[in-house]
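Before any comments, here is the structure.
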Amino acid sequence: MNNMVDEKAQSLGILQVDFSGADTVVTTANRKMRKQIERAYEREVKHERVNYIPGPRYASDGKGARRKFNLRGSLKIFGRKQRITTFTMAAAYPFTASSTHGVPGACIGVDEEGGGAFYFDPWELYAAGIIKGMSAVVLGSVGMGKSTCVKSTTSRLVLSGRKATVMSDKKGEWDIVAAYLGGNTITVGAGSETRINVLDEGNRPSYDTKKRPMTDKKWAKTVATRRLTLLRALAEILEERRLSSAEIKALSFGLRQAVAVAEGQGRVPIIPDFIEAIASPDFEALGSKNDSPKVRQAFETLYDTFTRLIDGDLEGMFDGESTVTFDANAPIVTFNTQSLDDLPEEARKIAFACIQSWAEAAITSGDFGKRLVIYEEGSEVLNDPGSLRRMVSQWKLARAYGIFNILVLHKLGDLDLAGDAGSKTRADAYSLLGDSAVRIVYHQESDQKALAKETLGLTEREWQRVTNFKTGQGLWKLSNDSFVVRNTMTAPEVPIFNTDQKIKTAA
Ligand SMILES: Nc1ncnc2c1ncn2[C@@H]1O[C@H](COP(=O)(O)OP(=O)(O)O)[C@@H](O)[C@H]1O
Ligand SMILES: [Mg+2]
């Protein structure tokens, strides 16, 4: 296709699309989209007809204005009398002020109650004081369009300069989206050569959460805490219980020893270093104060626990130096975790904890621009206390590092997957929802009514709308305001966002 069009479009800041690894669907979509850009450019920019007046303006015979009091009277407009829909316009020129809340953002779709298009950009909304926090929860029954909504929001924000990370893509449905946006997919699991070193330092931010310069000392502490938190979470998944204080002491000592050994050899520590350290701890260095039979026993228990990590189902995935890097400058990075689906639940939880921790280490930094972080399988996060705990603490850092988190859940009842009633874990799960500044509610089954009204603060009228929603419709609650939005897709986006089987097999 014509390169000139690309240059023209790009000089206008319309779209920049690099289709690495394109397959047939992407190529077709690519062609369609370029055509669309070309047409949008021809009609709306070249002829300076960006002020489109909606409604039937011309008689069908093409001879002048139909409406008597048309502002243009009977004058004919030169050029081809064709129109672009406001939506196509908005998708081609993503950052435009909204007719609804007046804050610029990416066009998501049609505001069905207010009229006009609905725009969304969390950072702009936060700056305008419309939302009070930096996280969203998307709720909705299967097949009602949650993923489509998240994909379209993400794509359009990424095309206007934001970044994105998809923490776990169980269905592999984001690969094509990442390719479309010129980003990367990291495939983890059996059959993949990819290995992730969970003890990697991550990207050191230039400032801390209080906007003070990140010193060496502070950074060392941050890294040590993150590593310890992860190892503790892994041990707790494997042991199915909370660790004792002697075990935590042993864990922390083993980690310090492993780091010292690796650094002495001028390389990054890996899990086998840690296992070696707890297999033969240096009791002298541990000090007589800490050298109790309880601590000695703890080392033995931990050794048994962690050898299961490198010998079992996850062998080769997390137990050596990383074979991939997380490119924090890429527009989007997604983790395809499709092949983890066949693993036992315990192994899946561990894998997810490792990926989450590794990715967080790379993105908790304000140096790479504003970023959406998407948890597609929210229920898996809620199902694991360690993962939930990490998430709660990570969400607290979100604003300082320019991160906007999106958690996708099927139903509110999923919150009760977390821990026992009354437990700290359950409270954490509810706090994730309670703290979410944006709530996007797709169709819900009627049995969710009480919970929805109570935890989401939906009014009776809003609830009535939610139960009658069709695919693609959602209620967007932005702090106190709520909007009924029909998420729209442009023709080229359909094959990229669609999860329908027929399209999948064509891909
Ligand atoms: N806004 C929309 N407009 C048209 N069709 C849609 C829309 N959202 C979803 N769909 C259709 O519904 C299917 C399922 O959507 P999906 O986003 O995967 O649902 P969920 O993630 O909630 O299970 C999509 O493949 C698509 O065919
Ligand atoms: Mg989905």
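This chain uses plain numbering: 1 for the first residue, then up along the sequence. Order of appearance sets the numbers: ligands from 1, and atoms from 1 within every ligand. The figures that follow rest on heavy atoms only: side chains count, while hydrogens, waters and symmetry mates do not.
Side-chain contact between Leu238 and Glu346 is present, with heavy atoms from C-beta onward closer than 4.5 Å.
For a threshold of 3.5 Å applied to N or O pairs, the pair formed by Lys171 and ligand 1 contains no separation below that value. Annotation: Glu173 places no N or O atom under 3.5 Å from an N or O atom of ligand 1; distance criterion only. Residue Lys146 has at least one nitrogen or oxygen atom sitting less than 3.5 Å from a nitrogen or oxygen atom of ligand 1, judged on distance alone. The shortest N or O to N or O distance between Gly145 and ligand 1 is below 3.5 Å.
Using a 4.0 Å cutoff on heavy atoms, Ser141 counts as a contact of ligand 1. Residue contacts with ligand 1 include Gly143, since one of its heavy atoms falls under 4.0 Å from the ligand.
Scanning for salt bridge (charged side-chain N to carboxylate O under 4.0 Å, His left out) contacts around Asp414 gives Lys411, with sequence neighbours left out.
Counting the atoms of ligand 1 from 1 in the order shown, those under 4.0 Å from a heavy atom of Val142 are 23 (O). Ligand-side atoms of ligand 1 in range of Asn498: 24 (C), 25 (O), 26 (C), 27 (O), range being under 4.0 angstrom from any heavy atom.
Relative ring orientation between Phe404 and Trp123 is described as perpendicular, the plane-to-plane angle rising above 60° on a 0-90° scale split at 30° and 60°.
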Determine whether Trp358 and Phe318 satisfy the following criterion, ring pair (Phe, Tyr, Trp, His ring centres under 6.0 Å), listing intermediate values before the conclusion.
CA-CA 10 Å; Trp358 188 72; Phe318 304 107; 9.4 Å; no
Test side chain to side chain contact (heavy atoms under 4.5 Å, CB included) on Met489 and Thr148; report intermediate values, then the result.
CA-CA 9 Å; Met489 286 186 270; Thr148 305; 3.7 Å; yes
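The residues Lys477 and Glu462 are annotated as salt-bridged, a charged nitrogen and a carboxylate oxygen being separated by less than 4.0 angstrom.
Of all protein atoms, those that are N, O or S and lie under 2.8 Å from the Mg ion (ligand 2) total 1.
In this structure, the ring of Phe120 has its center less than 6.0 angstrom from the ring center of Trp476.
At a heavy-atom distance under 4.0 Å, only side-chain atoms of Met489, from C-beta outward, approach ligand 1. Contacts between Thr471 and ligand 1 below 4.0 angstrom, taking non-hydrogen atoms only, involve the side chain exclusively.
Between the side chains of Asn487 and Ser152, at least one donor N or O sits under 3.5 Å from an acceptor N or O. When only modelled atom types and interatomic distance are considered, Glu376 and Ser147 share a side-chain donor-acceptor pair under 3.5 Å. Under the 3.5 Å distance criterion, with hydrogens and angles disregarded, no donor-acceptor pair is assigned to the side chains of Ser357 and Arg226. For the residue pair Thr334 and Thr185, a side-chain donor N or O sits within less than 3.5 Å of a side-chain acceptor on the partner.
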